[in-house]
Participant: 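Following this message is one structure expressed as structure tokens.
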Amino acid sequence: MTQINWSDKVNPVVRNLPPSGIRRFFDLVSEMKGVISLGVGEPDFVTPWHIREACIYSLEKGYTMYTSNWGLLELREAVAADVEGTYNIKYNPRDEILITVGVSEAMDLAMRVLLEPGDEVLIPEPSYVSYAPCTTLAGGVPVFIPTGMENGFRISAEQVQSLITPRTKVLLLCYPNNPTGAVMDREELLKIAEVAKQNDLMVVSDEIYDRLTYVGQHTCMASLPGMRDRTVLLNGFSKAYAMTGWRVGYAAGHPDIIGAMTKIHQYTMLCTSITAQMAAMEALKNGQPAMRHMVENYNRRRNLVVQAFRDMGLPCYEPGGAFYAFPQISATGLNCEEFAEELLKQEQVALVPGNAFGPSGEGFVRVSYAASLDDLSEAFRRIGRFVRRYGVRPKIISTPVQMANGQSA
Amino acid sequence: MGNITRQILDLLRENAKLTPEEIAVMLNIDVIEVRDLIKDLEDKKTILSYQTMINWGKVGREKVIALIEVRITPQRDVGFDAIAERIYRFPEVRSMHLMSGTYDLAIFVEGSSMKEIAHFVSTKLATIEGVVSTASYFVLKTYKQNGVILEDNEEDRRLMVSP
Ligand SMILES: Cc1ncc(COP(=O)(O)O)c(C=O)c1O
């Protein structure tokens, strides 16, 4: 009998999808002991207690059933009020907002709804690992917009314009950015919006880090003139409210687009877990003080991280949002994967090689400062020792940063 | 109070070991300004002291703590304050508050044994002129103090690396 090659059964589109660059590194890390991880893409805070407690209460009350495909109307109303209050954009909670299983599902739905085979999606790079695979799986073709430290990892309207072809259908935006922490200026976004309008592009805007903006004010793409219906706005609860494991997010946009997304969602997902929706409702209702507290904490650590890398002698662009720093490590003579691997082996500090997020990430590493002050300070000590071993000279420091080993702030 | 002052106080309240250098970097201001502000807060007794929270049970030196509810007779001109001072000056008194409601003073007393506290209440506290009555309640277990949970089992459960 001939041996069956089971992998031949797998759709070639899926078979040929490259594995996430993070995966290999994850396997490496999980074999080691005593590792301090700055490689985590989620808050170090657990979900605020009032949200957890509200969820427990909802379970006690027996909220264990399906909800409307769109999500609980009360939650959609709360989302609409939140978006209007923050960005002054009105969405009708009845047919312009869909509650999804995180931004992850919303991203997949948006791509599946918008793309026809061969349609091109412009994706800034480096950026979050799911964008290109979601595009490919929906039959689209990712076209990358490279960014670099010299322009603060921002894209420009000219860049967008120069990459447009007759097949370009979607412009994907993710600001504040994972992994660089870059934020966009309003002026440039206005110009990009003009390019989108002139070329009839749809914009899918992943604004999951919007509340974690430390420099200036976040500009919501959908709030720009003429962009509301052209934008599929994606946001969620994972980052702002420290609710990654709950899996709840939303998409907002024109009813025809959101309606089409809901059609797929109703057949493939039915609805987002009611328990998570209950918790999300509590987050919007009473979560502002705890969120502000977390944001304030991230901001302070952000300053420490940037300073620490600069003191070590590694250039580090100041990230304006999210909870990542993206220092340049080429001065060590190592490429980003070697750097991450050697640092892990020699000093037991985990971070993510920049090229996991796209080729422009080569020469950089992503450092998550969603970690306690204790862990950050110990990690800096180890990284400092490591880079000195590779001949990087520390900057002459006027005010030495010595972190106390007390409890984290 | 300026915003910077508030932020410095917030930071020190959470972690008194933070150095002025670290605070300066975190708040993106000059270290000299931080030093000056802290000095000023100390001079004006806004910052009263820096203490360490200790879980004494872990070193086998469990303290006995009691809440004493005290009713007192207020005095002309000074109200409750004069009697209050006579009481809070005892080192056994760890914290004390004037309360609304059915009694007047809530006093937390610390000692090495129940006997020691009982002795303090009966011989010192109850005999002060103006003290009408006392009711003592011994603490059986402390779950949380000054915002810190004593046996916190919510360790970091995140994956080591995630996108
Ligand atoms: C830019 C970006 N978008 C989306 C997600 C996933 O979000 P969710 O938890 O809402 O699916 C992440 C998570 O790391 C992210 O960094």
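Naming convention: chains lettered A, B, ... in sequence-line order (proteins, then strands); numbering from 1 in each chain.
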Participant: What do you reckon, is OH of B:Y143 surrounded by more than 12 foreign heavy atoms closer than 6.0 Å?
Facilitator: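 Not buried by this count: 12 neighbours or fewer within 6.0 Å.
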Participant: Against chain B, label A:N178 side chain, backbone, both or neither, depending on which of its atoms sit under 4.5 Å from a heavy atom there.
Facilitator: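 Contact with chain B involves the side chain of A:N178 alone.
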Participant: Tell me whether the count of non-hydrogen atoms from other residues, nucleotides or ligands lying under 6.0 Å of NZ in B:K39 goes above 12.
Facilitator: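 Open: at most 12 neighbouring heavy atoms sit under 6.0 Å from NZ of B:K39.
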Participant: Say you draw a straight line from CG of B:D10 to NE2 of A:H293; how long is it, rounded to the nearest 0.5 Å?
Facilitator: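 These two atoms lie 8.5 Å from each other.
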Participant: Counting only heavy atoms closer than 4.5 Å, note whether A:V35 contacts chain B via side chain, backbone, both or neither.
Facilitator: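 Backbone plus side chain of A:V35, per the 4.5 Å heavy-atom cut-off to chain B.
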Participant: If you tally heavy-atom pairs under 4.5 Å against chain B, which of A:S37, A:A350, A:G245, A:S130 wins?
Facilitator: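 Of A:S37, A:A350, A:G245, A:S130, A:S37 has the most heavy-atom pairs under 4.5 Å with chain B.
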Participant: Please determine, among A:V352, A:T244, A:V306, A:I22, the option with the most heavy-atom pairs under 4.5 Å with chain B.
Facilitator: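 Most heavy-atom pairs within the cutoff with chain B belong to A:I22.
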Participant: Return the CG to CG distance between B:N28 and A:N299, rounded to the nearest 0.5 Å.
Facilitator: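 So the CG of B:N28 and the CG of A:N299 are separated by 8.5 Å.
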Participant: Give, as side chain, backbone, both or neither, the part of A:R23 having an atom under 4.5 angstrom from any heavy atom of chain B.
Facilitator: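 Looking at A:R23, nothing touches chain B.
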Participant: Minimum heavy-atom separation for B:E22 and A:L304, please, with both atom names.
Facilitator: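 Nearest heavy atoms, B:E22 then A:L304: O-CD2, 4.2 Å.
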Participant: Mind checking which of residues 155-163 of chain B sit less than 4.5 Å from chain A, heavy atom to heavy atom?
Facilitator: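 B:R158, B:L159, B:M160, B:V161, B:S162, B:P163 fall under the 4.5 Å cut-off.
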Participant: Any salt bridge between B:E14 and A:R300, counting N to O under 4.0 Å?
Facilitator: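 No, no charged N to carboxylate O under 4.0 Å.
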Participant: Given that the side chain runs from C-beta out, which part of A:V29 has a heavy atom under 4.5 Å from chain B: side chain, backbone, both or neither?
Facilitator: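 For A:V29, side-chain heavy atoms alone lie under 4.5 Å from chain B.
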Participant: How about CG on B:L98, more than 12 heavy atoms from neighbouring residues, nucleotides or ligands closer than 6.0 Å, or not?
Facilitator: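 More than 12 within 6.0 Å, yes.
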Participant: Quick one: pull up CD in A:E296 and CG in B:L11 and give me the separation to the nearest 0.5 Å.
Facilitator: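 These two atoms lie 7.5 Å from each other.
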Participant: Take atom CE in A:M32; do more than 12 heavy atoms of anything else shown fall under 6.0 Å from it?
Facilitator: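 Yes, the 6.0 Å shell around CE holds more than 12 heavy atoms from other groups.
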